[in-house]
Structure formats: structure tokens, C-alpha cells
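Working notes, structure below.
This is a predicted model, so every value here is computed, not measured.
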Amino acid sequence: MSSWSRQRHQRMLFLLLLSVASGQGVTQNPKDCLVFQSERGSSISCHSPAELPSYLPADTVHLVVEFFNLTQLPANLLQGASKLQELHLSSNRLESLSAEFLLPVPLLRVLDLTRNALTRLPPGLFQASAALDTLVLKENQLEDIEASWLHGLKTLGHLDLSGNRLRKLPAGLLANFTLLHTLDLGDNQLEILQPDLLRGPLRLERLHLEGNRLKVLGKELLEPQPDLRYLFLNNNKLAKVEAGTFQGLRQLDMLDLSNNSLASVPKGLWAPLAQPGRDMQDGFDISNNPWICDQNLNDLYCWLKAKKDKMFSQNDTRCAGPKDMKGQTLLAVAESQ
């Protein structure tokens, strides 16, 4: 389970506790936010039709403000909440944020801005956010992103930019994020990735690139990330994976190349993933590609026979040609070799 998945699970437990607390009479008025107190501090959850509090308790560590359809946040929302660690603002209609918005909460570790209408972030937003570990900007309206928007983030481990409209990424975007372990760029409009995109992080484990418009997976992209464990490239337009692309990957556990335009792959591509100890323990998927089942896939056939128990969608992984092979599963062809 990823760190963000664990955090979402913990948040569900938190909301369950709030509902129990509400049922026990902790809060009665539907216009009041739910408040749960623990040894860590106060956790506050506000959902419409509740009214946003005019001030937060000084010991607030967890704040949820969701489903209000807010286009702007109250300027003083976080004033006095210097101990805040998690802030969830998903499912509003936020169009912009003030550069000073996070100044009162220097201990903030999680910022969730899922499903808003942000088209940009103000430079300086994270000037006091050195403790921020998780930044989720999923399902906003970002068409571009500038590296300067993220300046100040020193311990970022999880960055989610999925579900936006990104067409390209700037040079040096991740240069200072040495602790980044999860990068989600899925469901954007990316056609090309700069070869040095991943040269900043030192311990990347999960890379989500699914749902873009990528046509070529270049050899240099993954070289800086030998410890990558999960790689999602499904639902792109990949017609080419360059030779040596997987060469440095030491412990890849999951690979998804399904729903692309792959007809063949270069000789030796799969060899690094066939080394002893690399068992792809969480599986792989190469289905729904127009594979041409000739001798150029010999390496792939060998790999499939060795790893068939880890193969997803076996019945949907079929030959598109040549004519006498069309419709056969790749695994059947491999086992006949």
C-alpha cells in the first residue's frame, strides 16, 4: 500500500470516528463542523451545509473543508492553527490561492486539492512548507506547470498531478525533490517526456504515466531510478520502447503497457526483467497491443513462458499479424516455440 493510500485509509477512519462522535452528541447543529479531539489535537471536518468556522482551535492538526463549491477560501481560514498537519480541500471550485495562504501552517504535511478549478499556483505558496510530504493536485485545470510554483518544498515524497491538462513539463521540475517516492502524471495530455525528467529524485518507487499521449518511451528516462517498483504506461499511444529502457531496473514489481500501439520491441528489452530475483511479484500487462508475432518477439516469448503466472489479461494479449497468427494469444504462440 502506498503512503497516500495509507493516508486515505487513515482519513476514512478519522471520518468514521467523527460520525460516531456526532452520533454521541459531540456536535448537534447541522451547520456546525464535526470536531473530534484526541491526544494529538483537534480534528475538524466541514461539509456543506455546515458553516466554516470563523477561527480554528489552536491545537487543530487535521482540517477537512470539502464539497462547499468555494471559488475562493477565506483569507484567515488557517490563522492561529500553527500545529495543522493535514489540510483536505477537495471537491470545491477553487480557482486560485493566495501566495500567503500556507504561511500560518509551517508544520503542514499533507495538502489535498483534488477536484478544484486551479489553473496555476502562485509562486511563493510553499515558502513556509518545508515539512510538506504529500501534495495532491489531481483533477484540476492545469495546462502548464512551472518549477517555481513548487519552490520551498524540501521533503516532498508524493506528488499527484493526475487528471489535469498538462501537455509538457518544464526542465528541472523535480530537480530538488530528492525524497520523492511517488509521482503521478496520469490522465494528462503529455506527448513527450524530457529524458532528464527523473534525475532529481533518488528513491522513486511509483511512476504513473497512464492515460497520456506518449508515443515513444526513451532509454534515458528510467536510468536514474534503479529502485523503481511500479511503472504504469497503459492507455498511451506507445509504438516504440527503445532498446535498454529497462536495463537499470533492479526490482520492478509491476509493469503495465496495456492499450498501446506496440507491434514489436527491440531485442534484449526484456532481458533485465528476466534476471534471477526479478519475479515481477505484482504482475505485468501487455494486452491490447497490435503485436506482430514473428521472430522479432522471440525474447518476449521466452519471458512470457518464464513469467506467465504473473501475466494479466492473457486472453486479451493477442497477435494482430502476420495473417496466419492473427487472433492467437501471445502465450500460446510462446509455448509453441
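Atom-to-atom distance recorded for Gln337:CD and Leu304:CG is 11.0 Å, nearest 0.5 angstrom. The OG1 atom of Thr134 lies 7.5 Å from the CG atom of Leu156; values are rounded to the nearest 0.5 Å. Annotation: the span from Leu121 atom CG to Leu137 atom CG amounts to 5.5 Å, rounded to 0.5 Å. How far NZ of Lys219 is from CZ of Phe246: 13.5 Å, rounded to the nearest 0.5 Å. Between the OG1 atom in Thr71 and the CG atom in Asn92 there is a gap of 9.5 Å [rounded to 0.5 Å]. From Gln281, atom CD reaches atom CD of Gln251 across 9.0 Å, with rounding to the nearest 0.5 Å.
Leu132 is not listed as a side-chain neighbour of Arg109, based on a closest heavy-atom distance of 4.5 Å or more. Between Phe284 and Trp270 the shortest side-chain heavy-atom distance does not fall below 4.5 Å. Between Leu97 and Leu113, some side-chain heavy-atom pair lies under the 4.5 Å cut-off. Met280 has its side chain out of reach of Met254: every pair of non-hydrogen atoms, C-beta onward, lies at least 4.5 Å apart. Looking at heavy atoms from C-beta onward, Leu297 lies out of side-chain contact with Ile292 at the 4.5 angstrom threshold. By the 4.5 Å heavy-atom criterion applied to side chains, Gln189 and Lys168 are not counted as neighbours. Val61 has its side chain out of reach of Leu84: every pair of non-hydrogen atoms, C-beta onward, lies at least 4.5 Å apart. Using a 4.5 Å heavy-atom threshold, the side chains of Pro74 and Leu52 count as touching.
Gln79 places no side-chain N or O within donor-acceptor distance of the main-chain N or O of Asn76, the cut-off being under 3.5 Å. A donor-acceptor distance shorter than 3.5 angstrom exists from the side chain of Asn236 to the backbone of Leu209, with no hydrogens or angles considered. Judged by distance alone, the side chain of Asp299 and the main-chain N or O of Gly268 form a donor-acceptor pair under 3.5 Å. No donor-acceptor distance shorter than 3.5 angstrom exists from the side chain of Asn140 to the backbone of Leu142, with no hydrogens or angles considered. Checking side-chain atoms of Asn289 against main-chain N and O of Leu262 turns up a donor-acceptor pair under 3.5 Å. A donor-acceptor contact shorter than 3.5 Å is absent between the side chain of Glu220 and the backbone of Pro195. At distances below 3.5 Å, at least one donor-acceptor pair connects side-chain atoms of Asn212 with backbone N or O atoms of Leu190. For the pair Asn188 (side chain) and Leu161 (backbone), a donor-acceptor distance under 3.5 Å is present. Judged by distance alone, the side chain of Gln127 and the main-chain N or O of Leu102 form no donor-acceptor pair under 3.5 Å. Listed for the Glu191 side chain is no donor-acceptor partner under 3.5 Å among the backbone atoms of Lys215.
Among all heavy-atom pairs drawn from Gln194 and Leu221, the shortest one is O-CD1, 3.9 Å. Tyr230 and Leu252 make their closest contact through N-CD1, 4.1 Å (heavy atoms, listed as atom of the first residue, atom of the second, distance). The two residues Gly172 and Ala147 have their closest heavy-atom pair at O-CB, 4.1 Å. The heavy-atom pair separating Leu153 from Ser129 by the smallest distance is CD2-O, 3.7 Å. Taking every heavy atom of both residues into account, Leu180 and His158 meet most closely at CD1-N, 3.8 Å. Taking both residues in full, the closest heavy atoms of Asn116 and Leu89 are given as ND2-O, 3.0 Å, listed atom of the first, atom of the second, then distance.
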Step by step, would you call Glu223 with Arg199 a salt bridge (charged side-chain N to carboxylate O under 4.0 Å, His left out)? CA-CA 9 Å; Glu223 282 183 352; Arg199 293 207 175 273; 3.8 Å; yes
- prompt: Should Thr317 and Phe312 be marked as a side-chain contact (heavy atoms from CB on, under 4.5 Å) after you check the CA-CA gap, both sets of side-chain angles, and the distance that decides it?
  reply: CA-CA 9 Å; Thr317 309; Phe312 293 116; over 6 Å; no
Notebook entry, point to check: Could you go step by step and tell me if Gln72 and Ser96 meet the side chain to side chain donor-acceptor pair (under 3.5 Å) rule?
Noted result: CA-CA 7 Å; Gln72 301 287 333; Ser96 64; 3.0 Å; yes
- [ ] Decide yes or no on side-chain contact (heavy atoms from CB on, under 4.5 Å) for Phe68 and Cys46, but give the supporting numbers first.
- [x] CA-CA 9 Å; Phe68 276 91; Cys46 302; 3.9 Å; yes
- Message: If you apply the rule side-chain contact (heavy atoms from CB on, under 4.5 Å), what do you find for Asp133 with Val110, and how did you get there?
- Response: CA-CA 6 Å; Asp133 167 80; Val110 175; 5.5 Å; no
(request) Applying side-chain contact (heavy atoms from CB on, under 4.5 Å), run through Leu183 and Phe177 and close with a yes or a no. (result) CA-CA 11 Å; Leu183 175 61; Phe177 299 150; over 6 Å; no
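The salt bridge (Lys or Arg N to Asp or Glu O under 4.0 Å) contacts involving residues 226-245 comprise Asp227-Arg250, Arg229-Asp253, where partners must be two or more places apart or lie in separate chains.
Judged by distance alone, the side chains of His47 and Glu66 do bring a donor and an acceptor atom under 3.5 Å apart. A donor-acceptor pair shorter than 3.5 Å cannot be found between the side chains of Ser162 and Glu139. In the model, Asp285 has a side-chain atom that pairs as donor or acceptor with a side-chain atom of Ser313 under 3.5 Å. A side-chain donor-acceptor contact under 3.5 Å links Arg115 and Ser91. Using modelled atom types, one finds no donor on one side chain facing an acceptor on the other under 3.5 Å when comparing Thr60 with His62. Ser42 and Asp59 form a side-chain donor-acceptor contact under 3.5 Å, judged by distance and modelled atom types alone.
One hydrophobic cluster, built from ILVMFWY side chains closer than 4.5 Å, cannot hold both Leu179 and Leu159; they sit in different ones. Tracing side-chain contacts under 4.5 Å through hydrophobic residues (I, L, V, M, F, W, Y), one reaches Leu125 starting from Leu150; they form part of the same cluster. Leu135 and Leu166 fall within the same hydrophobic cluster, where Ile, Leu, Val, Met, Phe, Trp and Tyr residues are linked whenever their side-chain heavy atoms come under 4.5 Å apart, directly or through other members. Both Tyr301 and Leu331 are part of a single hydrophobic cluster, where members link through side-chain heavy atoms under 4.5 Å apart. Linking Ile, Leu, Val, Met, Phe, Trp and Tyr residues whenever their side-chain heavy atoms come within less than 4.5 Å leaves Leu103 and Leu94 in two separate clusters.
Environment of NZ in Lys83: sparse, with no more than 12 heavy atoms of neighbouring residues, nucleotides or ligands closer than 6.0 Å.
By the side chain to side chain donor-acceptor pair (under 3.5 Å) test, Thr329 is found to be paired with no residue, residues two or more places apart in sequence or in another chain being considered. Applying the side chain to side chain donor-acceptor pair (under 3.5 Å) test to Gln37 and every residue at least two apart in sequence or in another chain returns nothing.
Classified by interplanar angle (parallel below 30°, tilted 30° to 60°, perpendicular above 60°), the ring pair Phe232/His208 is parallel.
Lys308 and Glu335 are joined by a salt bridge, as a carboxylate oxygen and a charged side-chain nitrogen come within less than 4.0 angstrom of each other.
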